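Working notes for the structure below.
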Amino acid sequence: MANGQIALTLLMGVLLVAVAAFLTRIEDWRSYTPLAGGGGGTAEESGYAHEEKPGGLIRWLTTVDHKDIGMLYGTYALATFTIGGLMVMIMRAELLDPAATLIESTTYNGLLTSHGITMLFLFGTPIIAAFSNYFIPLIIGADDMAFPRINAIAFWLLPPGALLIWAGFFVPGLAPAQVGWTMYAPLSVGVGAGTQSGAGVDLMLLGLHLTGVSATMGAINFIATIFTERAEDCTWANLDIFSWTILTQSGLILFAFPLLGSALVMLLLDRNFGTTFFAVEGGSPILWQHLFWFFGHPEVYILFLPPAGLISLILPKFSGRKLFGFKFVVYSTLAIGVLSFGVWAHHMFTTGIDPRIRGSFMAVSLAIAIPSAVKVFNWITTMWNGRVRLTAPMLFSIGTISNFIIGGITGVFLAAIPVDLVLHDTYYVVGHFHYIVMGVLGFMTFAGLYYWFPIFTGRMYQRTLAKWHFWLTFVGTQLTFFAMLLLGYLGMPRRYATYDFPIGPVDPVTALHQVATLGAFLIAIGFVIHVWNFVQSWSEGPILEDEDPWNLKEIGQYTREWEWHHRRMETAIADGGDEEVATDGGKESNEEELTTDGGENVSETDCSD
């Protein structure tokens with residue numbers, strides 16, 4: 001078994017080296033200009049493209065255009081979201097009754113492990129990368145990302161990472177990893193009578209390592225792009241809020257993900273080469289928790305800050321007002337980024353660490369609620385006395401705020417040591433966490449997709465179906481995750497496939513599980529409506545003739561990405577021929593000629609919202 005695992009590890013290394021060697025042999029990736037540069041410029045200083053952009057499948061396999069890569073990230077993330085959702089639907093169906101009637105407990109454990117990893121690493125980070133890849137260069141006036149090839153490589157590391165993580169489900173002779181998404185030692189080291197010593201866990205760890213490398217490469221790219229590729233008029237003083245959150249998130253990734261990668265390597269060495277980093281004898285299982293959560297809690301804010309930036313970007317557009325307290329929202333973003341590295345041990349209050357250390361981590365965990373509350377009050381004040389328009393993006397933004405309030409308040413309780421000692425490892429923690437992840441990241445994913453749908457497609461979605469999607473998702477979220485909070489108060493432990501402890505003459509635990517499952521099915525129905533609306537509207541929806549479908553000009557919030565969309569609609573794009581002009585207007589780039597609707601020079605446009 002050990003020899004087989006070593007062989008798999010070596011094979012994975014050879015595969016990575018082969019991919020890197022192949023990529024270095026591909027020449028002239030930037031021989032074509034992206035369909036329309038974010039700043040209205042060209043691929044080269046001459047203003048001319050020398051080769052036609054490839055078509056069909058070759059385009060998507062070789063593209064380095066930030067918009068194409070954003071589309072690839074988005075497609076990948078929605079696919080993994082669907083798979084992760086199917087996993088949890090099977091789990092929720094199993095939990096309808098106390099006994100194991102639908103699937104075996106080992107299958108449940110495998111689905112639980114893969115669901116958590118899929119949603120956090122294969123959906124969460126990539127869907128944020130989808131929005132930021134597509135729109136950050138457009139918003140800040142850049143032609144493309146600072147390192148387009150690295151941008152492409154970062155994406156193409158993700159599909160093999162997903163296959164490795166899920167390998168235990170479809171490779172004959174392998175069992176899926178059953179160690180939980182936190183991979184606590186000594187179970188993940190291979191101790192015990194289960195399948196946790198099998199190669200399925202090793203492949204999952206290698207897949208996680210690939211996703212971490214991908215995220216780190218992307219973070220370096222975003223930092224370099226925002227620092228060096230901004231238009232001259234896009235200064236730090238007027239940088240938009242979404243770019244601020246992506247910059248902060250990238251900084252968190254840069255410090256957090258390499259630590260996860262190091263911990264994964266140590267765990268692989270323990271499993272395959274006899275080292276004792278996390279072993280009970282000679283090592284410390286608690287060391288894994290310290291290393292994992294030093295990454296894990298910043299990861300929560302890696303997934304929260306960009307959606308918070310989207311709220312701050314979208315909410316003012318449908319409130320008829322500028323974002324209230326813009327500078328304080330930026331400062332709170334930076335404060336959360338710094339404080340996020342000082343709270344990891346609140347996940348470990350029950351492990352017996354020094355009470356004085358626990359007290360300090362409790363204090364910082366409570367303190368981080370302050371900049372989070374600053375955001376909430378600024379969002380609410382932005383809507384106060386505004387001209388609120390309840391479009392689908394606005395509904396999802398308002399729903400996100402309400403979810404975040406519930407998730408944030410429940411988090412404050414968990415930050416208090418006495419309360420956490422009672423509620424730790426119960427469904428209360430699951431409910432709190434999902435109010436943040438699904439209630440914020442999931443909701444703002446849909447808000448961003450609806451808000452920028454006209455730019456993606458040049459068409460408009462069916463607004464009634466979008467509102468049905470919101471209400472089904474919102475109601476389902478409250479039913480599912482509030483029921484989990486109540487289950488936690490009743491003492492229901494998480495990660496159990498079976499349960500049987502009636503309380504008094506009734507059985508509230510079973511009833512609450514059934515309510516949670518009902519809510520999960522409502523969320524699933526809403527997502528099916530969203531997919532139908534998205535695909536059908538993209539293929540058959542009415543083509544927009546108005547470059548400003550949200551009437552942003554009326555309120556003075558017509559930002560750069562919409563100006564780019566307007567230029568794309570107005571002008572012909574040169575897409576072939578030798579020495580053809582590749583600017584948006586089909587002629588040589590000239591900043592004085594690229595104007596907005598108001599006749600103002602594009603270079604003078606404020607890049608903030």
Side-chain angles (χ1 to χ4, degrees), residues 71 74-75 77-79 81-82 85-86 89 123 127 130-131 134-135 307 310-311 313-321 379 382-383 386-404 438-481 518-555 557-558 561-562 565-566 569:
M71 300 287 277
T75 303
L78 291 177
F81 181 81
T82 303
L86 291 174
M89 294 309 298
F123 164 70
I127 194 62
F131 289 123
Y134 200 107
F135 290 106
L310 284 178
I311 299 177
L313 182 76
I314 294 173
L315 199 72
K317 306 296 189 292
F318 302 101
S319 299
R321 300 180 58 187
W379 293 332
T382 300
M383 292 186 288
R387 292 182 297 161
V388 175
R389 293 178 290 157
L390 295 179
T391 61
M394 186 63 167
L395 287 172
F396 273 102
S397 297
I398 296 173
T400 299
I401 296 172
S402 63
N403 291 335
F404 181 56
M438 177 60 192
V440 176
L441 175 60
F443 271 57
M444 288 315 299
T445 293
F446 297 128
L449 289 174
Y450 285 127
Y451 175 64
W452 281 314
F453 188 86
I455 293 182
F456 290 135
T457 67
R459 301 172 185 266
M460 180 52 73
Y461 57 83
Q462 299 181 52
R463 299 169 192 257
T464 302
L465 287 181
K467 291 184 178 180
W468 271 102
H469 172 214
F470 166 74
W471 286 112
L472 285 170
T473 304
F474 184 76
V475 173
T477 296
Q478 308 313 314
L479 289 176
T480 299
F481 304 130
L518 171 62
F521 275 93
L522 289 180
I523 295 172
I525 293 170
F527 182 66
V528 170
I529 291 174
H530 166 72
V531 172
W532 165 259
N533 189 7
F534 206 81
V535 174
Q536 194 273 340
S537 298
W538 196 327
S539 59
E540 300 178 5
I543 297 176
L544 287 175
E545 297 181 359
D546 183 3
E547 78 284 354
D548 184 18
W550 303 122
N551 297 322
L552 302 179
K553 295 177 184 177
E554 295 181 5
I555 56 176
Q557 299 193 50
Y558 193 65
E561 76 272 25
W562 293 102
H565 176 59
H566 171 53
M569 291 180 63

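Nothing here was measured: the structure is a model prediction, and the numbers come from that model.
Phe534 contributes atom CZ, which lies 15.5 Å from atom CD1 of Ile529 (distance to the nearest 0.5 angstrom). With values rounded to the nearest 0.5 angstrom, Leu544 atom CG is found 7.0 Å from Thr457 atom OG1. In this structure, CG in Leu552 is found 10.5 Å from CD in Glu547, a value given to the nearest 0.5 Å. In this structure, Phe474 CZ and Leu522 CG are separated by 13.0 Å, a value rounded to the nearest 0.5 Å. Atoms OG and CD1, on Ser397 and Ile314 in that order, are 5.0 Å from each other to the nearest 0.5 Å. In this structure, the separation between OG1 on Thr480 and CZ on Phe521 is 10.5 Å, given to the nearest 0.5 Å.
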query: Would Trp468 and Asn533 satisfy side chain to side chain contact (heavy atoms under 4.5 Å, CB included), going step by step from the backbone distance to the final call?
result: CA-CA 11 Å; Trp468 271 102; Asn533 189 7; over 6 Å; no
query: How far apart are the C-alpha atoms of Thr477 and Ile523, what are their side-chain angles, what is the distance that settles it, and do they pass the side chain to side chain contact (heavy atoms under 4.5 Å, CB included) test?
result: CA-CA 7 Å; Thr477 296; Ile523 295 172; 3.9 Å; yes
Candidate pair Ser319 and Met383, rule side chain to side chain contact (heavy atoms under 4.5 Å, CB included), full reasoning: CA-CA 5 Å; Ser319 299; Met383 292 186 288; 3.5 Å; yes
message: Using ring-ring contact (aromatic ring centres under 6.0 Å, His included), reason through Phe446 and Phe470 one step at a time and then give a plain yes or no.
response: CA-CA 9 Å; Phe446 297 128; Phe470 166 74; over 10 Å; no
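Tested against Tyr451, the residues Phe135, Phe396, Trp562, Phe456 include a single ring-ring contact (aromatic ring centres under 6.0 Å, His included) partner, Trp562.
A donor-acceptor contact shorter than 3.5 Å is absent between the side chain of Arg321 and the backbone of Arg387. A side-chain donor-acceptor contact under 3.5 Å links Gln557 to the backbone of Pro316. Side-chain N or O atoms of Thr400 include none that pairs as donor or acceptor with a backbone N or O of Phe443 at under 3.5 Å. Side-chain atoms of Asp548 come within 3.5 Å of backbone atoms of Asn551 as a donor-acceptor pair (strictly under, hydrogens ignored). The closest donor-acceptor contact from the side chain of Ser539 to the backbone of Gln536 lies under 3.5 Å. Of the possible donor and acceptor atoms, one in the side chain of Arg389 sits under 3.5 Å from a partner among the backbone N and O of Trp550. Judged purely by atom type and a 3.5 angstrom limit, Asn403 uses its side chain to pair as donor or acceptor with the backbone of Gly399. For the pair Lys317 (side chain) and Leu313 (backbone), a donor-acceptor distance under 3.5 Å is present.
Heavy-atom contacts from other residues, nucleotides or ligands closer than 6.0 Å to CH2 of Trp532 number 12 or fewer.
Between His530 and Tyr450, the ring planes lie perpendicular to each other; the angle is over 60°, past the 30° to 60° tilted range.
A 4.5 Å side-chain heavy-atom check between Pro454 and Arg459 finds every atom pair outside the cut-off. A heavy-atom distance below 4.5 Å is not found between the side chains of Thr445 and Leu310. Under the 4.5 Å side-chain criterion, counting only non-hydrogen atoms from C-beta, Ile401 is in contact with Leu315. Considering only heavy atoms from C-beta on, Met394 comes within 4.5 Å of Val388 through its side chain. For the pair Met569 and His565, the minimum side-chain heavy-atom distance is below 4.5 Å. In this structure, Lys467 and Thr391 have side chains that are not in contact, with every pair of non-hydrogen atoms separated by 4.5 Å or more. You'll find the side chain of Thr473 stays beyond 4.5 Å of the side chain of Phe527, heavy atoms only.
Taking both residues in full, the closest heavy atoms of Ala130 and Gly74 are given as CB-N, 3.4 Å, listed atom of the first, atom of the second, then distance.
Residues Tyr461 and His469 have side chains that never bring a donor and an acceptor to within less than 3.5 angstrom of each other.
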